[in-house]
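Let me begin by presenting the structure, written as structure tokens, before commenting on it.
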Protein chains: 2
Amino acid sequence: MEKTDTRQVECATHLASVEDAIYVLGGKWKLRIMIALVTGYHRFNELQRAIEGISARVLSSELKSLELNGLLKRVVKADQTPVVVEYLPTEYAETLKEVIAVLGNWGLKHKKRITGKISQPA
Amino acid sequence: MEKTDTRQVECATHLASVEDAIYVLGGKWKLRIMIALVTGYHRFNELQRAIEGISARVLSSELKSLELNGLLKRVVKADQTPVVVEYLPTEYAETLKEVIAVLGNWGLKHKKRITGKISQPA
DNA sequence: CCGTATCCCTTAGGATACTG
DNA sequence: CAGTATCCTAAGGGATACGG
């Protein structure tokens with residue numbers, strides 16, 4: 001079997017790539033925050049309200065992590081009276097749309113499958 | 001602004017869906033195990049060797065979780081001399097291929113972006 | 001409103017050792 | 001080979017309170 005090597009390499013490559021993705025997007029909150037962000041929620045408290053269950057402390061630290069990875073930009077508008085801070089998805093965040101769509105889709109179908117539980121053939 | 005409601009609902013739906021997906025596929029190992037599985041690694045120790053860094057304890061518990069979610073099937077071949085156990089991806093696991101592909105792809109590009117670090121325009 | 005600081009608890013997951 | 005048992009640490013994340 002000489003294809004073994006090829007397969008091993010392919011597997012290792014896949015492994016490394018999703019590892020990278022998980023490193024950046026993994027955890028309970030990061031993708032959810034990105035969803036809220038691209039949906040149009042930009043203010044801190046707005047985000048906290050949209051993402052049920054997240055605490056200010058966690059939201060804050062996750063936002064920093066996401067900014068470091070270039071997925072959002074923290075913008076301070078000093079010209080307003082009570083300084084307005086906005087978290088805006090970057091252009092780069094667009095690349096996540098596919099990820100979110102695919103993952104969300106899978107989650108949706110999976111839930112149906114689990115709850116519906118049609119007798120699947122083995 | 002009367003589209004707000006629609007947007008809120010859409011966001012909530014997305015949120016719930018990826019939440020479900022993360023619940024099933026989240027964590028450091030589950031997706032990696034599925035990759036190894038569909039790549040063709042089926043035996044316990046084989047998997048442990050393919051997925052660098054995973055301990056027997058974790059591999060074992062993750063395999064159970066994945067089986068519960070219908071993504072793999074544990075098959076015992078009692079007809080061999082030293083009983084052979086195989087973990088086989090189910091048909092359903094096919095639905096993950098897209099997820100893995102998209103996520104892996106994103107991870108790959110992201111790594112290039114981070115390491116290469118071409119001056120991106122804001 | 002926009003966060004940070006503290007404190008604490010739970011969980012994921014690593015190390016090692018051991019059994020059928 | 002295929003796991004389980006134990007133990008332990010680190011990190012994630014919740015609650016509350018507080019400051020700019």
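So that the names make sense, note that chain A is the first sequence line, chain B the second, and so on, each numbered from 1. It should be emphasised that the depicted structure is a prediction, and the values quoted were computed from it without experimental measurement. Note that these values count all heavy atoms, side chains included, but never hydrogens, waters or copies made by symmetry.
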Short N/O separations, protein against nucleotides 17-20 of chain D, under 3.5 angstrom:
none

Measure [atom1]/[X] against [atom2]/[N] and give the value in whole Å, please.
X     : N      : atom1 : atom2 : result
B:L31 : C:dA12 : CG    : P     : 16 Å
B:I22 : D:dG13 : CD1   : P     : 10 Å
B:L47 : D:dA2  : CG    : C1'   : 12 Å
A:I54 : C:dC2  : CD1   : C1'   : 15 Å
B:I51 : C:dG14 : CD1   : C1'   : 15 Å
A:L59 : D:dG14 : CG    : P     : 11 Å
A:R74 : C:dG3  : CZ    : C1'   : 8 Å
B:F44 : C:dT19 : CZ    : P     : 17 Å

Nearest nucleotide by nearest heavy atom, which residue falls closer to the 5' end of DNA chain D, B:R57 or B:E46?
-> B:E46

Please tell me which of B:S61 and A:V58 maps to the more 5' nucleotide of DNA chain D, matching each residue to the nucleotide holding its nearest heavy atom.
-> B:S61

Working to the nearest 0.5 Å, report the span between CG of B:L25 and CG of B:L96.
->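 If we round to the nearest 0.5 Å, B:L25:CG and B:L96:CG are 5.5 Å apart.
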
Hey, what do you get for CD1 (A:I114) to CG (B:D20), rounding to the nearest 0.5 Å?
->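 Reported to 0.5 Å precision, the distance equals 10.0 Å.
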
Taking side chain as C-beta onward, heavy atoms only, is A:H110 less than 4.5 Å from B:T95?
->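 No, every pair of side-chain atoms sits at 4.5 Å or beyond.
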
Should B:R74 and B:L63 count as side-chain neighbours, where that means a heavy-atom distance under 4.5 Å?
->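 A side-chain contact is absent here, since even the closest heavy-atom pair is not under 4.5 Å.
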
Nearest to the side chain of A:S60 - C:dT4, C:dG13, C:dG3?
->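 Of all the options, the side chain of A:S60 is nearest to C:dT4.
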
Within 45 degrees of the axis of the six-membered ring of A:Y41 and under 6.0 Å from its centre: does B:R7 put its NZ or CZ there?
-> yes

Strictly below 4.0 Å: does [X] bring a side-chain N or O up to OP1 or OP2 of [N]?
X     : N      : answer
B:Y87 : D:dC1  : no
B:R43 : D:dA2  : yes
B:R32 : C:dG13 : no
A:S55 : D:dA15 : no
B:K28 : D:dA11 : no
A:K64 : C:dG3  : no

Please walk me through it: do A:I51 and A:I35 pass side-chain contact (heavy atoms from CB on, under 4.5 Å)?
-> CA-CA 9 Å; A:I51 306 166; A:I35 291 173; over 6 Å; no

Salt bridge present between A:E94 and A:K97 (N-O < 4.0 angstrom) | yes

Report the relative orientation of the aromatic rings in B:F44 and B:Y87; use parallel for angles under 30°, tilted for 30 to 60°, perpendicular for over 60°.
->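 B:F44 vs B:Y87 ring planes: tilted.
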
Just call it for B:E62: base, sugar-phosphate, or nothing, with non-hydrogen atoms closer than 4.0 Å on any strand.
-> sugar-phosphate

